[in-house]
Asker: 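Below are the structure tokens for one structure; questions will follow.
Because only heavy atoms are used, hydrogens play no part in the values below, and waters and symmetry mates are left out as well, while side chains stay in.
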Amino acid sequence: MDGVVDHLADERNKAQFDVEEMKIVWAGSRHVFELSDRIARLVASDPVFRKDNRATLSRKDLFKNTLRKAAHAWKRIIELRLSEEEASKLRFYVDEAAFTDLHWGMFVPAIKGQATEEQQQKWLPLAYKMQIIGCYAQTELGHGSNVQGLETTATFDPQTDEFDIHSPTLTSSKWWPGGLGKVSTHAVVYARLITDGQEHGVHGFIVQLRSLDDHLPLPGITIGDIGMKFGNGAYNTMDNGVTRNGKCVRSNVPRQLIYGTMVFVRQTIVSDASCALSRAVCIATRYSAVRRQFGSQNGGVETQVIDYKTQQNRLFPLLAAAYAFRFVGEWLKWLYTDVTQRLQANDFSTLPEAHACTAGLKSLTTTFTADAIEECRKLCGGHGYLCSSGLPELFAVYVPACTYEGDNVVLLLQVARFLMKTVSQLGSEKKPVGTTAYMGRVEHLMQCRCSVQKAEDWLNPNTILEAFEARTARMSVAVAQKLAQFANPEEGFLELSPNLVEASVAHCQLIVVSKFIEKLQQDIPGKGVKELLGMLCNIYALNILHKHLGDFLSTGSITPKQGSLANDQLRSLYSQVRPNAIALVDAFNYTDHYLGSVLGRYDGNVYPKLYEEAWKDPLNDSVVPDGYHEYIRPLLKNQLRNARL
Ligand SMILES: CCCCCCCCCCCCCC(=O)SCCNC(=O)CCNC(=O)[C@H](O)C(C)(C)COP(=O)(O)OP(=O)(O)OC[C@H]1O[C@@H](n2cnc3c(N)ncnc32)[C@H](O)[C@@H]1OP(=O)(O)O
Ligand SMILES: Cc1cc2nc3c(=O)[nH]c(=O)nc-3n(C[C@H](O)[C@H](O)[C@H](O)COP(=O)(O)OP(=O)(O)OC[C@H]3O[C@@H](n4cnc5c(N)ncnc54)[C@H](O)[C@@H]3O)c2cc1C
């Protein structure tokens, strides 16, 4: 910040905690912090990685520019001999949806998780050196959610020792896979395995799509891009593809692990939610401290909009959620690593829980984050609608996360199946463990009473936890009892699916709250750091309680009076967080390049930069616009003639 006026300096001076230590907590460790900081600066200082022109480029120029960035990123990774961890951070900070996301994020993990040793030895070295580029081709035009409904077939021909991959109908065309449209040379294709005329369900196959010499599709394969997607720029940097037919290559398997890649990616999507959310919150918080509106007396300064309680009531729960998702993401990563190690030892016992947690938390965090980005746009008033605020593009890139890697409602229904199974086993030998361990105390939770008598009683983590556990247990048992009245359980499941989804949401919110509380039980150094995190944890939990008051009241988990006291406590927490708000978003340690927002600039110098940015728009290249002589001038002349008549 040398020589630059920091318009937010006063705000930064108000902080009551050690920001540098908070940065470490946010990053997860000092090592990750230092690495991220170094790579973020490297990307920000490289002109090839500029991204301020994305909204105005045509689709073709946008796409070519993405290819250029991806090639440059790879060049830098090789030149600088970056480790896998550094390389993945570099791609993260380049911040542009590209075929590389699918190559590294799905193709490589699919081979690692599902291919045999021999297949891994053949394909992984090629993929690691990017001598082949891969994608994940599961979804078809006709089926995405219903994986068992995929139509593509893979028929084994014993004569040639090959699989014939066939898309027999229009609806069996692979449709959506990222990277497939224009770039990928290979794909993991999901198809129904047929041997000796017998079907064996859906399996993954590594298929070569394009020639490695001239990039043309191999004989029998038709490939293209599926067309423009939501938002200008945004996800249109990605080629989402369609293919038909094909002859190929090799089988994969371990049957039980066929869905493994989805579990892995859902886990990464939860961590990613905290990144997208924190980014939007950082922009909205800084701008809310800069923006002043009303409240001036005797010509004095007006009120910073961040001081309005309504602004705090909308913004601070999002700030708290960014931290909450960060910590639940850390925990989910641990859970995933644990389940992977068990699977390698043929222990499948924790797979259902890992599936329920990754599916449920993916759904909860992406739905919340997509809504929150839009809320941040509104929190920035009119200027939030400008592309230079960074928020429209962030929303457009982020919102498909509610759909890809499993539609969020479909995923919550998976959680519901897991919950109902858990409830049905209560009282049997099988005791609930892990994230459903609280169900083991169901008798207590069905009749316990919340002890809150005054607002401060809501600061007790055990009180919060018990209220959340009672709400979830009661909702789950109530829907299980209704289900039991149906002669056909599947029919009951369909009929009661809205209630089931609500119980799943309650269960997932409980997981997030409980993991935040567990985080606070760790040793966290730094002046005031733990105190601030405690406040954010309470804001996250009490805001959910307030928003879902209907659930808590209708299950009798709390009384109306206790609900009102929770709201009083929230207001008090907002006042305590207020002086720390800017420092709390500084702790994300985002560069201005990564934020990509004039409103969220670190130095708060918003207005001159907004003005400067506006003049850069191609429409301002000429004072009189193209089209004046054809369309405006004749119009004006006609109007004059009409006026004379
Ligand atoms: C840093 C890097 C970042 C990179 C990020 C990449 C960028 C992102 C870019 C964007 C990338 C976007 C990329 C993309 O979008 S890739 C395409 C993603 N597609 C989907 O996610 C499809 C969603 N559908 C499904 O997952 C399944 O079909 C569902 C879940 C609906 C089950 O359907 P169904 O009801 O028909 O069941 P079944 O007969 O198939 O299964 C029956 C049994 O299997 C159990 N089960 C089910 N699923 C799993 C599982 N996963 N792990 C373990 N177990 C699982 C299940 O509990 C049941 O167990 P049980 O009850 O019998 O015991
Ligand atoms: C940007 C983007 C990138 C993608 N990348 C890839 C990729 O790389 N590879 C790949 O294979 N796929 C990819 N996909 C596809 C994606 O995984 C699917 O679109 C997703 O799984 C949803 O499936 P669907 O489109 O079939 O939705 P549908 O299932 O058709 O959903 C339509 C509606 O029906 C509802 N619904 C469906 N089933 C049920 C049910 N059982 N009960 C109640 N409601 C239900 C849903 O909630 C939704 O409201 C991508 C999609 C997008 C948008």
Side-chain angles (χ1 to χ4, degrees), residues 324 328 331 335 350 352-353 356-357 360-361 364 412-453 457-485 492-493 496 498-521 537-538 540-566 569:
V328 83
W331 168 78
L335 185 82
T350 57
E353 195 199 9
C357 287
L361 291 171
L364 186 85
L412 287 174
L413 289 168
Q414 289 287 304
V415 180
R417 284 194 188 276
F418 176 69
L419 271 183
M420 291 304 102
K421 203 180 255 184
T422 307
V423 173
S424 72
Q425 287 168 347
L426 293 174
S428 74
E429 294 280 277
K430 203 167 183 307
K431 296 286 166 248
V433 292
T435 47
T436 52
Y438 68 99
M439 289 282 194
R441 291 180 284 111
V442 71
E443 279 170 21
H444 167 73
L445 293 174
M446 292 306 285
Q447 44 77 36
C448 64
R449 283 167 189 270
C450 174
S451 60
V452 167
Q453 290 185 336
D457 293 342
W458 274 120
L459 299 178
N460 183 340
N462 292 331
T463 306
I464 291 181
L465 261 187
E466 191 167 87
F468 273 75
E469 287 174 351
R471 166 215 189 197
T472 312
R474 293 175 195 194
M475 287 171 78
S476 303
V477 169
V479 68
Q481 284 168 346
K482 283 199 170 87
L483 264 179
Q485 291 164 9
F493 199 86
L496 295 171
N499 308 44
L500 286 160
V501 162
E502 283 169 12
S504 300
V505 168
H507 174 70
C508 295
Q509 287 171 339
L510 166 60
I511 298 177
V512 181
V513 170
S514 66
K515 295 304 157 194
F516 206 151
I517 290 174
E518 274 175 26
K519 177 80 189 179
L520 292 169
Q521 283 154 4
C537 178
N538 289 330
Y540 180 74
L542 296 181
N543 175 63
I544 290 178
L545 190 142
H546 180 62
K547 289 267 155 66
H548 294 262
L549 205 52
D551 286 357
F552 285 89
L553 294 180
S554 65
T555 53
S557 307
I558 65 168
T559 63
K561 170 81 180 142
Q562 288 167 333
S564 158
L565 289 172
Q569 188 52 51

Asker: Taking the side chain as every heavy atom from C-beta outward, state whether Cys448 and Arg441 have any atom pair closer than 4.5 Å.
Answerer: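 The answer is no; the side chains never approach within 4.5 Å.
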Asker: Could you pull out the closest heavy-atom pair between Ala473 and Val442, with the gap in Å?
Answerer: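 Closest approach of Ala473 to Val442: CB-CG2, 4.5 Å.
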Asker: Begin from the C-alpha positions of Glu466 and His444 and carry the test side-chain hydrogen bond (donor to acceptor under 3.5 Å, both in side chains) through to its verdict.
Answerer: CA-CA 10 Å; Glu466 191 167 87; His444 167 73; 2.9 Å; yes
Asker: Quick one: does Asn538's side chain get under 4.5 Å of Gln569's, heavy atoms only?
Answerer: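 Asn538 does not reach Gln569 side chain to side chain.
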Asker: Are any of the side-chain heavy atoms of Leu542 and His546 separated by less than 4.5 Å?
Answerer: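 No - every pair of side-chain heavy atoms lies 4.5 Å or more apart.
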Asker: Can you find a pair of side-chain heavy atoms, one from Leu445 and one from Arg474, that are under 4.5 Å apart?
Answerer: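 Not touching, per the 4.5 Å side-chain cut-off.
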Asker: Please examine the side chains of Arg417 and Phe493, heavy atoms only from C-beta on, and report whether any two atoms are closer than 4.5 Å.
Answerer: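 Phe493 vs Arg417: side chains touch.
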Asker: What donor-acceptor contacts under 3.5 angstrom involve side-chain atoms of residues 549-560, with partners at least two apart or in another chain?
Answerer:
| from | atom 1 | to | atom 2 | distance (Å) |
| --- | --- | --- | --- | --- |
| Asp551 | OD2 | Arg471 | NE | 3.3 |
| Asp551 | OD2 | Arg471 | NH2 | 2.9 |
| Ser554 | OG | Gly550 | O | 2.9 |
| Ser554 | OG | Asp551 | O | 3.4 |
| Thr555 | OG1 | Asp551 | O | 2.7 |
| Thr555 | OG1 | Phe552 | O | 3.3 |
| Thr555 | OG1 | Ser557 | OG | 2.7 |
| Ser557 | OG | Arg471 | N | 3.3 |
| Thr559 | OG1 | Gln562 | N | 3.1 |
| Thr559 | OG1 | Gln562 | OE1 | 3.3 |

Asker: Is the shortest side-chain heavy-atom distance between Cys450 and Trp458 below 4.5 Å?
Answerer: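 Of all side-chain heavy-atom pairs linking Trp458 with Cys450, at least one is under 4.5 Å.
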Asker: Over all heavy atoms of both residues, which pair between Ala324 and Val512 is shortest? Give the atoms and the distance, please.
Answerer: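 In terms of heavy atoms, the two residues are closest at CB-CG1, 3.7 Å.
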Asker: Can you confirm whether Glu443 is buried at CD, in the sense that more than 12 heavy atoms of other residues, nucleotides or ligands lie under 6.0 Å from that atom?
Answerer: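 Not more than 12 within 6.0 Å, no.
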Asker: Counting only N and O atoms by type, is there a donor-acceptor contact under 3.5 Å from the side chain of Lys431 to the main-chain atoms of Ser428?
Answerer: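 Side chain of Lys431 to backbone of Ser428, a donor-acceptor pair under 3.5 Å: yes, one is there.
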Asker: Is the closest side-chain donor-acceptor distance between His507 and Tyr438 under 3.5 Å?
Answerer: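 The criterion, which ignores hydrogens and geometry beyond distance, is satisfied for Tyr438 and His507.
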Asker: Taking Ser504 for its side chain and Ala416 for its backbone only, find out whether a donor-acceptor pair lies under 3.5 Å.
Answerer: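 Yes, Ser504 side chain to Ala416 backbone: donor-acceptor pair under 3.5 Å.
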Asker: Locate the shortest heavy-atom distance separating Phe418 from Ala356; write the atom from each residue and the value.
Answerer: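 What the structure gives for the nearest pair is CD2-CB, 3.4 Å.
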Asker: For Gln521, is the CD atom crowded, meaning more than 12 foreign heavy atoms sit under 6.0 Å from it?
Answerer: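 Count over threshold, so yes.
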Asker: Would you kindly say whether Glu353 and Thr436 are connected by a side-chain donor-acceptor distance under 3.5 Å?
Answerer: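 No, no side-chain donor-acceptor pair sits under 3.5 Å.
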Asker: Might you point out which heavy atoms bring Cys508 and Leu361 nearest each other, and give the distance in Å?
Answerer: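 Smallest interatomic distance, heavy atoms only, reads O-CD2, 4.0 Å.
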Asker: Using every non-hydrogen atom in the two residues, find where Pro432 and Thr422 come nearest and quote the distance to one decimal.
Answerer: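 What the structure gives for the nearest pair is CB-CG2, 4.0 Å.
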Asker: Nearest heavy-atom pair of Cys357 and Trp331: which atoms, and what distance?
Answerer: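 Taking every non-hydrogen atom into account, SG-CH2, 3.9 Å.
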